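The block underneath contains the structure these notes are about, expressed in structure tokens.
All values reported here derive from a predicted model rather than from experimental measurement.
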Amino acid sequence: MRRAPEDTNGTSTAAGRLVARVAAVSAMTGLVALMTAGPAVAQAGALAALGSPPDPKVPVSWDRYYDHAAVEDIGRRLEEAYPDRCRFGSIGKSYEGRDIWLLTVTNFRVGEADRKPAMYIDGNIHSNEIQGQEIALYTAWYLCEMADRVPWVSDLLDDRTMYIVPTINPDGRAAFIDSPNTPSSPRSGVAPRDDDGDGLFDEDDLDDLNGDGHITMMRRRDPNGRWLVSREDPRLMIRARPDEPGEYEILGYEGFDNDNDGRVNEDRTGYYDPNRNWPWLWQPQYVQSGADAYPASLPETRAVIDFVLDHENIAGAQTYHNSGGMILRGPGQAQDVVRPSDVRVYDRIGEIGETILPGYRYMVLWSDLYPVWGGELDWFYGARGILTFSNELWTSYNYFRTERGDEPPDRHERADYRFDRLLLFGEAVVPWTPVEHPTYGPIEVGGVKKQYTRAIPGFMLAEEAHRNMAFTLFQAHQLPLAKVDSIAVRPIGQGLSEVTAIVANKRLAPTHTQQDQDHRISRPDWISLEGGDVVAGFVVTDPLQDLAVEQERRPARIEVESIPGMGTVTVRWIVRGSGPFTVTVDSPKGGVHSLSR
């Protein structure tokens with residue numbers, strides 16, 4: 001360390017020390033000012049790139065994964081910066097007592113938030129599938145920051161409400177972030193379960209054998225093993241061919257036999273699957289692994305269900321998972337069905353999704369991936385009639401933007417290891433390190449870190465967030481939007497008037513899905529007349545031939561099962577009086593709109 005100048009007596013001068021301290025404080029003050037003074041300083045001399053706010057009121061770095069406290073901080077800052085655009089709250093508590101945060105984003109100055117057609121978004125139902133939170137949170141941030149710059153966003157928030165729950169498994173997320181883990185652990189929440197039936201709970205979890213903060217693989221040299229070291233990358237293990245001698249055996253993830261039952265890592269944190277716990281075609285554990293004791297046994301599941309049941313205006317949903325680059329829709333089982341007219345809506349949105357998200361495929365869960373009993377996706381559609389997608393975030397296509405699944409032709413090479421070498425410079429894979437195992441003796445541990453292969457590398461996270469947000473906003477835009485299109489008034493004598501109104505749905509999705517109609521999940525759409533004494537009310541079934549069906553009860557409020565996507569319904573009243581008249585459409589999922597004449 002450099003010393004301050006010494007005087008002729010060999011002691012440090014006060015002046016020298018003072019100069020050094022002032023310089024250090026000045027430099028730190030300048031850095032803090034640059035970080036906190038705001039956009040005017042930070043953006044000076046910069047040309048704003050399109051697609052991002054040039055001067056955000058709430059600066060957020062989208063190259064990392066935030067913990068529970070950071071999400072609260074971002075949410076509260078958004079609410080403070082945009083009080084007419086964002087409200088921050090909670091839909092309930094997790095098993096360990098954490099809030100399940102909610103951001104409600106809309107134009108609160110236009111209409112009632114809970115009566116506008118709404119899009120529900122959540123993420124991170126599985127503990128290790130962490131980027132779902134960031135994509136959901138990015139959506140709230142982008143909408144707040146860009147509504148004053150992009151008319152399309154402003155119009156969307158005038159017409160729509162976005163209910164955004166960044167993570168519905170905050171305990172599991174904390175366990176993934178704060179503890180050594182693999183890319184796939186924990187998938188569960190953290191409520192203790194006896195997985196191996198020995199009367200103990202979570203007593204044989206993963207163990208970080210070398211204390212490096214990562215759970216990687218164990219290998220042991222064995223002339224009869226069936227694994228070889230890659231000649232291209234000494235960190236990579238490949239299977240020996242059937243006629244080829246091996247050098248190593250793979251012993252699984254790092255761990256001990258903590259309960260002395262002869263097995264390793266068999267009773268980990270959890271274990272249940274929060275995405276097998278929903279009350280739609282739920283099946284018990286012996287049919288569906290991870291189902292837990294009964295449907296909605298988990299407080300997090302119940303919190304989401306209660307919120308959705310309390311918000312009948314939710315017409316669309318997205319629940320973010322990882323990984324694989326998939327745009328999934330239900331059903332999760334061959335025994336279930338998505339109604340044909342709803343499939344047509346799904347297909348169009350999914351088709352556009354494949355364009356917005358290069359490398360992603362639009363797929364049906366049970367037939368294109370695997371069957372699921374008691375999944376969130378199916379509960380939203382089956383029990384609530386809500387058009388729901390589940391995007392599996394991140395795809396190996398993004399390593400080198402080649403065709404899906406295109407691995408190097410040499411079996412000694414693998415795309416994720418090559419990407420790590422060429423773009424991450426070796427940061428993502430732990431080299432093999434010798435350790436002494438109490439049971440296996442001398443072994444080595446090494447392999448990919450928990451932030452790799454499933455989670456998105458930091459420098460690519462913002463793009464992945466933006467593209468997935470864009471797909472979800474496209475879906476939100478195509479949710480039903482009911483408007484009174486026109487009113488015609490015709491005197492018919494004896495003080496009576498005929499009032500005819502055309503009510504239009506300006507978007508792709510109907511105001512009630514066929515699933516909703518078939519099971520009478522939501523109340524009908526109401527089309528009401530004010531301004532006279534209604535004598536009779538009709539639904540016009542054929543305007544060209546002037547055919548109509550009378551509604552004999554409560555004729556002032558016509559009930560309509562659904563307004564088709566990009567379609568209209570025509571209603572008519574016979575009224576005492578000549579107006580003026582006001583017609584109002586009130587649709588649970590299509591919104592409220594009035595027109596007067």
Side-chain angles (χ1 to χ4, degrees), residues 61-66 123-124 126-135 138 176-177 180-185 187 212-219 227-239 248 250 253-254 320-327 354 356-361 363 369 391-433 444-469 471:
S61 296
W62 297 108
D63 59 358
R64 63 203 64 189
Y65 297 103
Y66 290 101
N124 200 186
H126 292 130
S127 309
N128 63 310
E129 299 183 1
I130 56 175
Q131 62 260 51
Q133 172 183 280
E134 272 57 43
I135 274 70
Y138 176 91
F176 181 82
I177 290 175
N181 276 294
T182 77
S184 299
S185 71
R187 182 179 170 90
D212 65 352
H214 308 291
I215 299 294
T216 55
M217 300 299 292
M218 301 184 291
R219 75 178 185 183
W227 291 86
L228 298 167
V229 176
S230 164
R231 62 171 177 261
E232 294 293 333
D233 189 332
R235 305 170 304 169
L236 175 63
M237 301 298 294
I238 62 169
R239 282 191 179 274
Y248 287 89
I250 300 297
Y253 285 113
E254 292 180 65
Y320 288 120
H321 290 240
N322 81 25
S323 60
M326 307 172 204
I327 303 168
E354 289 186 332
I356 295 171
L357 290 159
Y360 281 60
R361 287 183 299 162
M363 299 166 60
L369 186 59
N391 282 15
E392 294 282 355
L393 304 166
W394 182 246
T395 165
S396 59
Y397 168 87
N398 282 329
Y399 286 135
F400 298 105
R401 306 289 167 89
T402 55
E403 291 300 319
R404 183 186 316 280
D406 184 17
E407 286 285 350
D410 186 349
R411 72 189 184 101
H412 285 263
E413 184 68 282
R414 211 170 78 184
D416 52 351
Y417 275 70
R418 189 164 187 246
F419 181 91
D420 177 51
R421 296 199 310 273
L422 296 178
L423 283 93
L424 301 180
F425 313 108
E427 182 188 8
V429 180
V430 178
W432 293 100
T433 305
E444 295 172 278
V445 296
V448 299
K449 297 177 181 178
K450 66 183 178 183
Q451 302 101 308
Y452 194 46
T453 65
R454 295 180 69 97
I456 303 166
F459 75 94
M460 304 178 81
L461 183 54
E463 179 186 356
E464 194 80 359
H466 191 90
R467 286 185 177 275
N468 277 276
M469 175 200 70
F471 167 71

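With hydrogens and angles left out, the side-chain atoms of R454 and N322 include a donor and acceptor closer than 3.5 Å. Inspection of the T433 and E444 side chains reveals no N or O donor paired with an N or O acceptor under 3.5 Å.
Distance NE2/H412 to CG/D233: 12.0 Å, rounded to 0.5 Å. One finds the CE atom of M469 at 10.0 Å from the CD1 atom of I356 (value rounded to the nearest 0.5 Å). With rounding to the nearest 0.5 angstrom, the OH atom of Y253 is 5.5 Å from the CE atom of M217. Expressed to the nearest 0.5 Å, how far CD1 of I130 lies from CZ of R64 amounts to 13.0 Å. Separating the CD atom in E427 from the OH atom in Y452 is a distance of 10.5 Å, to the nearest 0.5 Å. A distance of 8.0 Å separates CG in N128 from NE2 in H126, rounded to the nearest 0.5 Å.
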Fill in: Evaluation steps, side-chain contact (heavy atoms from CB on, under 4.5 Å), between V430 and V445
CA-CA 8 Å; V430 178; V445 296; over 6 Å; no
Worksheet entry | Verdict with reasoning, M237 to V229, per side-chain contact (heavy atoms from CB on, under 4.5 Å) | CA-CA 5 Å; M237 301 298 294; V229 176; 4.0 Å; yes
Practice prompt. For the pair F459 and D63, evaluate side-chain contact (heavy atoms from CB on, under 4.5 Å) and give the outcome as yes or no after the intermediate values.
Written response: CA-CA 6 Å; F459 75 94; D63 59 358; over 6 Å; no
Item to complete: Could you give me the CA-CA distance, side-chain angles and deciding distance for L393 and I135, then say whether side-chain contact (heavy atoms from CB on, under 4.5 Å) is met?
Response: CA-CA 9 Å; L393 304 166; I135 274 70; 4.1 Å; yes
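Inter-residue side-chain proximity for Y65 and Q133 is flagged as unmet; no heavy-atom pair is nearer than 4.5 Å. The closest side-chain heavy-atom distance from R467 to P358 is below 4.5 Å. Side-chain contact between D416 and Y399 is present, with at least one heavy-atom pair separated by less than 4.5 Å.
Judged by distance alone, with hydrogens and angles left aside, the side-chain atoms of N181 form no donor-acceptor pair with the main-chain N or O of K450 at under 3.5 Å. E134 contributes a side-chain N or O that, together with a main-chain N or O of Y66, makes up a donor-acceptor pair within less than 3.5 Å. Remark: side-chain polar atoms of E129 are not paired, donor with acceptor, to backbone N or O of N124 under 3.5 angstrom. In this structure, T395 contributes its side chain and N398 its backbone to no donor-acceptor pair below 3.5 Å. With H321 contributing its side chain and E392 its backbone, the two residues share no donor-acceptor pair below 3.5 Å.
I238 and S230 get closest at one heavy-atom pair: CG2-CB, 4.4 Å. Here the shortest heavy-atom pairing between E254 and T216 reads OE2-N, 2.7 Å. S127 and F176 make their closest contact through O-CB, 3.7 Å (heavy atoms, listed as atom of the first residue, atom of the second, distance). Considering all non-hydrogen atoms of both residues, N468 and Y320 come closest at O-OH, 3.3 Å.
Residue-environment remark: CD (E354) exceeds the threshold of 12 foreign heavy atoms within 6.0 Å.
Salt bridge E413/R421: present, at least one basic N to carboxylate O contact under 4.0 Å.
Taking W62 as the reference, Y138, W141 meet the ring-ring contact (aromatic ring centres under 6.0 Å, His included) condition, with sequence neighbours excluded.
Under a cutoff of 6.0 Å and an axis angle of 45°, R219 and W432 form a cation-pi pair. With a 6.0 Å cutoff to the six-membered ring centre and a 45° limit on the axis angle, R418 counts as a cation-pi contact of F400.
Between W394 and Y360, the distance separating the two ring centers is not shorter than 6.0 angstrom.
Exactly one residue among K449, R235, R414 makes a side chain to side chain donor-acceptor pair (under 3.5 Å) with D420. That residue is R235.
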